[in-house]
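Below, read A as the first sequence line, B as the second, and so on, with proteins coming before strands; counting in each chain starts at 1.
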Number of protein chains: 2
Amino acid sequence: MEPTHIEHIGIAVESLEEAIPFYEKTFGLKCYSVEEVRDQKVKTAFFKIGQTKIELLESTAPDGPIGKFIEKKGQGVHHIAFAVKDLSTRLKELEQKDVQLIDKTPRKGAEGLNIAFLHPKSTFGVLTELCEKPEK
Amino acid sequence: MEPTHIEHIGIAVESLEEAIPFYEKTFGLKCYSVEEVRDQKVKTAFFKIGQTKIELLESTAPDGPIGKFIEKKGQGVHHIAFAVKDLSTRLKELEQKDVQLIDKTPRKGAEGLNIAFLHPKSTFGVLTELCEKPEK
């Protein structure tokens, strides 16, 4: 199921209002989109570096996944996302290889992508997301 | 100082012997190099996904930076590395912007790159590395 590229790196931050200007002024990147993903209780901000996006994640509620992550581990890299083709088939293959899936079937993520998360217990501590561009 | 791409993602693992076959069999990636970086007390294994490398890091000593990281936080993403041009100038610019540098001048990293780390206190919890391909 070789991934084609790193689709994005998700970074948990306490405040987009502070983190966005930092990424813009310090690294010269441009925030091209801010989006709220309500069912994940996050606001996201996107930057592009080559093939890969940086996705800053701010929790909109303390009991959301990013709120809990920051409480436990502090700000930092939350997940990495591989771009793959034919996500449904990839998930079935991974299940057959005994990889623990958080999402057994694709669901909608930010930017309209089809996404699924693998459990970090199965992936050496790295919360791993697979992303697929939907057919138009 | 806009980075051109994500050069690599560094992932701390307890055992390369276990993690390499996992990345190969599960994600269909090919480990193309294993290298020891003695002054960092690590053994590294490299995989390529598009423009970006996955760098698995196994500590060769409990008191090395990766050994300490795993003891404190467990296995997982350790750092992300941006590819930049003219690294010495970039470091001077960052210092002027009050970014805390771990390496004030470039040093040699894995794969012969010139590298420098920025302190995660200055970068919203993300240990960030800048990498430059040396002039031949």
Side-chain angles (χ1 to χ4, degrees), chain A residues 1-16 18-20 22-30 47-54 56 58 69-70 72-80 82-84 90 93-94 96-99 118 120-128 130, chain B residues 1-16 18-20 22-30 47-54 56 58 69-70 72-80 82-84 90 93-94 96-99 118 120-128 130:
Chain A
M1 66 149 247
E2 194 178 345
T4 55
H5 59 282
I6 306 287
E7 214 284 329
H8 66 265
I9 301 172
I11 297 173
V13 298
E14 280 164 7
S15 160
L16 288 184
E18 285 177 21
I20 292 171
F22 173 81
Y23 273 81
E24 293 196 325
K25 285 179 195 159
T26 308
F27 295 132
L29 301 168
K30 176 86 196 120
F47 303 81
K48 193 88 195 260
I49 303 184
Q51 292 175 324
T52 301
K53 295 162 200 156
I54 297 285
L56 300 182
E58 178 194 296
F69 177 88
I70 289 178
K72 196 171 157 195
K73 300 201 172 191
Q75 302 183 105
V77 176
H78 176 260
H79 67 273
I80 62 176
F82 296 157
V84 299
R90 297 293 85 79
E93 286 170 4
L94 290 171
Q96 280 165 4
K97 289 176 184 173
D98 291 326
V99 174
L118 316 182
K121 273 187 193 166
S122 281
T123 51
F124 294 79
V126 179
L127 178 59
T128 305
L130 304 180
Chain B
M1 67 148 247
E2 195 178 345
T4 54
H5 59 282
I6 306 287
E7 215 283 329
H8 65 266
I9 300 172
I11 297 173
V13 298
E14 279 165 7
S15 159
L16 287 184
E18 285 176 22
I20 291 171
F22 172 82
Y23 272 82
E24 293 195 325
K25 285 179 195 157
T26 308
F27 295 131
L29 302 168
K30 177 87 196 119
F47 304 80
K48 192 90 196 259
I49 304 184
Q51 291 175 326
T52 301
K53 295 163 200 156
I54 298 284
L56 300 181
E58 177 194 296
F69 177 88
I70 290 179
K72 196 171 156 194
K73 300 201 173 191
Q75 300 184 103
V77 176
H78 177 259
H79 67 274
I80 62 176
F82 296 157
V84 299
R90 298 292 85 77
E93 286 170 4
L94 290 171
Q96 280 165 4
K97 290 175 183 173
D98 290 327
V99 174
L118 316 183
K121 273 188 194 165
S122 281
T123 52
F124 294 78
V126 179
L127 178 59
T128 304
L130 304 181

Please determine, among B:Ile9, B:Leu94, B:Val99, the option with the most heavy-atom pairs under 4.5 Å with chain A.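 When all of B:Ile9, B:Leu94, B:Val99 are compared, B:Ile9 has the most.
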Under 4.5 Å from any heavy atom of chain A - which part of [X]:
X       : value
B:Thr4  : backbone
B:Val77 : both
B:Glu18 : both
B:Lys73 : both

Heavy atoms, side chains only, cut-off 4.5 Å: are A:Ile6 and B:Ile6 in contact?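 Result no, sub-4.5 Å side-chain heavy-atom pair not found.
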For [X], which atoms come within 4.5 Å of any heavy atom of chain B: side chain, backbone, both, or neither?
X        : value
A:Thr128 : side chain
A:Ile80  : side chain
A:Glu93  : neither
A:Lys25  : backbone

Would you please name every residue forming a side chain to side chain contact (heavy atoms under 4.5 Å, CB included) with A:Lys48, sequence neighbours left out?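 A:Lys48 satisfies side chain to side chain contact (heavy atoms under 4.5 Å, CB included) with A:Tyr32, A:Lys53 only.
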Applying side chain to side chain contact (heavy atoms under 4.5 Å, CB included), name anything that partners A:Tyr23, two or more places apart in sequence or on another chain.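 Testing A:Tyr23 for side chain to side chain contact (heavy atoms under 4.5 Å, CB included), a comparison that skips the adjacent residues, returns A:Ile11, A:Phe27, A:Leu29, A:Phe47, A:Ile54, A:Leu56, B:Val126.
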Hey, which of [options] has the most heavy atom pairs under 4.5 Å with chain B?
options                              : value
A:Val13, A:Thr123, A:Leu127          : A:Thr123
A:Lys97, A:Glu2, A:His5, A:Gln51     : A:Gln51
A:Gly74, A:Ser122, A:Pro120, A:Ser15 : A:Ser122

If you take all heavy atoms of A:Phe124 and B:Gln75, which pair is closest and at what distance?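 Residues A:Phe124 and B:Gln75, closest heavy atoms: O-CB, 3.4 Å.
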